[in-house]
Amino acid sequence: MGPVASQTNDPAPLAGIEQHSIDWVPLSERHGKPSDVGAIWFVGSLNLTGLATGVVTLSLGGSLVWTVVATVLGSLFGTFFMAFHSAQGPQLGLPQLVQSRPQFGYLGAALTVWVFALVNYVAFNTSDALLSGQAVNLLTGMPNTVGYLLAAGVATVVALFGYEWIHRINGWLTWPFVVITAAVTAAALFGGGLPDGVWEPGPFEPAPFMLVFVFVAGFQLGWAPYVSDYSRYLGPDVPVRSTFWWTYLPSAVSGIWVFVLGAVVSAAAPEGTDPVTALKLAADRLFDGFGTVAVVVLLIGLLSIMAINQYGGSLTMISILDSFRPVKPTRTLRIATVGIMLAAVGTVSTLVGIDRFNWFFAHVVVVLTYLFIPWTAINLVDFFFVRRGQYVVKEIFNPHGIYGRWGWRGNLAYAIGLACMAPFMVITGLFVGPAARFLGGVDCSLLVGLPVAGGLYWAFARSLDLATERRLVREEGLLDRLH
């Protein structure tokens, strides 16, 4: 029937290595408290990629002041949806994307959202690879490719150990990261180097303002396809609001902090400076050598996120494979898929190169935002308003079950939502939709895609036989209520 039960059919478990992958986490193995997820999502942005996000925002054409305002609003907006996805973890005990099968179908989910999710992991880890390689090069003089392989090797080990060690490491990193990031912030704001008049807001320009808003909101939404992977071991008695707030506040606060810091660091650096060098220049203004410390610390944070992306990419590949041929969620399979992630990211990062980082990262985040907006609306509407957290777990892993192979409701709502967004999209240098052009280059696609996709799915879902499904939920006895 698929990977519902806790058995992995592996030899005796290796100490500390997670046994589960895409299978349901039994109640006997649930543990932890909502605050445990706070460390992951606070540290999640305090790294070189988070800083680079702020560097890119300032390159989108707005003044520093308006870039900061758009960054704050975009982070608060995007994190709102991401945090509600996190709240699904304790209720379902399943990885985030597997739960898309009830909306998109057993095979439909694999050919739509899961493929996009895999691209998401590869793209974000490519950005991480470029920055880690540059950081190691700056610190040691090693070639960027060697630097990436060393960094990826560490991240791979953490990803193989899985859930428990990812939580543990981020818990250890939290307070040291707060201290170092605070010191870098002081150096960037008060150490000199910022041009005169940088804090004058200047005229409000809606086009670059919305570009920053969409970019930052999209970065935060980029966590959505795997955010509940890190809350799925919590007990089902954990209230939705607890998981929501322990995700929302840490992620929004740290995101705003490091994104704004990146913009300030960029404003003080020579034009065209890569994010790692800009960080080192800013931190060295506090005292000589502190730039090296700052790069090392944020590189360590980057290794943590690389591990999360490799772990999530592994689960996604297993999910896609399981959609075509049911698989047993063994450690061996997880090791193989983590290895594939390692090779894929290394290849793509070599082709892109650090010189094209800003262009690559800016376009990847925006395009992936467009692809995930309809999905996030459909998934959240289904969980909170249609099925209200009640799913038949064994049917999620049944290719011929009640959720079908092709969920026409989810796929149709997704396609229409994406089509309605297209006229409002702005992909700098590549595409400006006719509606966005009419609005002077203002990107309103998020504000269109969310209500259209979510509203259509809610309307289509009115024909579902929820009474029968809820009876099956009660008979199964795994997910029978939503807190």
Side-chain angles (χ1 to χ4, degrees), residues 74 77-85 88 96-120 123 210-211 213-228 316 363-388 403-427 430-439 442-464:
F77 182 82
T79 311
F80 178 83
F81 300 96
M82 168 260 208
F84 270 118
H85 284 296
Q88 294 171 311
Q96 186 74 67
L97 290 174
V98 170
Q99 197 268 325
S100 293
R101 282 176 174 167
Q103 302 104 55
F104 293 88
Y106 192 90
L107 189 58
L111 296 180
T112 51
V113 292
W114 290 357
V115 170
F116 298 150
L118 186 57
V119 173
N120 180 68
M210 285 304 297
L211 283 176
F213 178 91
V214 170
F215 181 74
V216 173
F219 182 91
Q220 294 296 79
L221 273 169
W223 300 115
Y226 52 116
V227 58
S228 73
T316 302
H363 287 84
V364 157
V365 171
V366 171
V367 171
L368 288 171
T369 300
Y370 296 150
L371 294 176
F372 281 116
I373 280 294
W375 167 78
T376 200
I378 291 165
N379 185 262
L380 291 177
V381 165
D382 186 66
F383 183 86
F384 287 103
F385 298 105
V386 176
R387 290 185 167 97
R388 298 180 181 272
Y403 298 122
R405 292 179 68 78
W406 295 95
W408 70 265
R409 297 172 183 84
N411 285 292
L412 184 58
Y414 182 92
I416 295 175
L418 196 61
C420 290
M421 288 173 63
F424 297 89
M425 295 177 180
V426 177
I427 307 176
L430 297 178
F431 174 79
V432 179
R437 190 178 300 110
F438 176 78
L439 294 172
V442 175
D443 187 338
C444 297
S445 57
L446 273 73
L447 307 180
V448 174
L450 285 167
V452 170
L456 283 174
Y457 181 79
W458 181 82
F460 295 156
R462 293 171 69 87
S463 61
L464 286 169

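Any value given below was found using the heavy atoms of this structure, including those in side chains, with hydrogens, waters and symmetry copies removed.
Across every non-hydrogen atom of V364 and A123, the tightest pair is CG1-CB, 3.3 Å. The two residues A413 and A453 come nearest to each other via the heavy atoms CB-O, 3.7 Å. Summarising the geometry of C420 relative to V448, their closest heavy-atom pair is O-CG1, 3.7 Å, with the distance given to 0.1 Å. Contact record, G417 with V452: CA-CG1, 3.9 Å, taken as the closest heavy-atom pair. Here the closest non-hydrogen pair linking M82 and V227 is O-CG1, 3.4 Å. P225 and N120 get closest at one heavy-atom pair: CG-ND2, 4.4 Å.
Residue pairs meeting the salt bridge (charged side-chain N to carboxylate O under 4.0 Å, His left out) criterion with at least one partner in residues 373-382, sequence neighbours excluded, are D382-R387.
Remark: side-chain polar atoms of T369 are paired, donor with acceptor, to backbone N or O of V365 under 3.5 angstrom. Between the side chain of N411 and the backbone N or O of F104 there is at least one donor-acceptor pair closer than 3.5 Å.
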For the pair R409 and I378, evaluate side chain to side chain contact (heavy atoms under 4.5 Å, CB included) and give the outcome as yes or no after the intermediate values. CA-CA 9 Å; R409 297 172 183 84; I378 291 165; over 6 Å; no
Let's go through L450 and T376 carefully: what are the C-alpha distance in whole Å and the side-chain angles of both, what is the deciding distance for side chain to side chain contact (heavy atoms under 4.5 Å, CB included) to 0.1 Å, and is it a yes or a no? CA-CA 8 Å; L450 285 167; T376 200; 3.7 Å; yes
What do the steps show when you test L368 against F219 for side chain to side chain contact (heavy atoms under 4.5 Å, CB included), and what is the final call? CA-CA 9 Å; L368 288 171; F219 182 91; over 6 Å; no
Might you work through the ring pair (Phe, Tyr, Trp, His ring centres under 6.0 Å) test for F116 and F372, ending with a clear yes or no? CA-CA 8 Å; F116 298 150; F372 281 116; 7.0 Å; no
Any chance you could lay out the side chain to side chain contact (heavy atoms under 4.5 Å, CB included) test for W406 and L107, step after step, and finish with the verdict? CA-CA 6 Å; W406 295 95; L107 189 58; 3.7 Å; yes
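Contact check for L446 versus F77: side-chain heavy atoms found under the 4.5 Å cut-off. When side chains are defined from C-beta on, M425 counts as touching L418, because their heavy atoms get closer than 4.5 Å. V442 places none of its side-chain heavy atoms less than 4.5 Å from the side chain of F424. Inter-residue side-chain proximity for Q99 and Q88 is flagged as met; some heavy-atom pair is nearer than 4.5 Å. At a threshold of 4.5 Å between non-hydrogen side-chain atoms, the residues L412 and L456 do not count as touching.
Residues F84 and F384 place their aromatic rings such that the two centres sit under 6.0 Å apart.
Residues satisfying the side-chain hydrogen bond (donor to acceptor under 3.5 Å, both in side chains) criterion with S228, sequence neighbours excluded, are Q96. In terms of the side-chain hydrogen bond (donor to acceptor under 3.5 Å, both in side chains) criterion, Y414 has no residue partners (sequence neighbours excluded).
Separation of atoms CD1 (I427) and CG (L211) is listed at 11.0 Å; rounding is to 0.5 Å. Distance check: D443 CG to F213 CZ gives 10.0 Å after rounding to the nearest 0.5 Å. Going from atom CG of L380 over to atom CD of Q103 covers 9.0 Å, rounded to the nearest 0.5 Å.
Cation-pi geometry between R101 and Y403 is not met: the NZ or CZ atom fails to fall both under 6.0 Å from the ring centre and inside 45° of the normal.
Other residues, nucleotides and ligands contribute over 12 non-hydrogen atoms within 6.0 Å of the CZ atom of F431.
Here the options are W223, W375, F383, the test is ring pair (Phe, Tyr, Trp, His ring centres under 6.0 Å), and the partner is H85; only W375 passes.
Counted by atom type alone, N379 and Y457 present zero donor-acceptor pairs between their side chains at under 3.5 Å.
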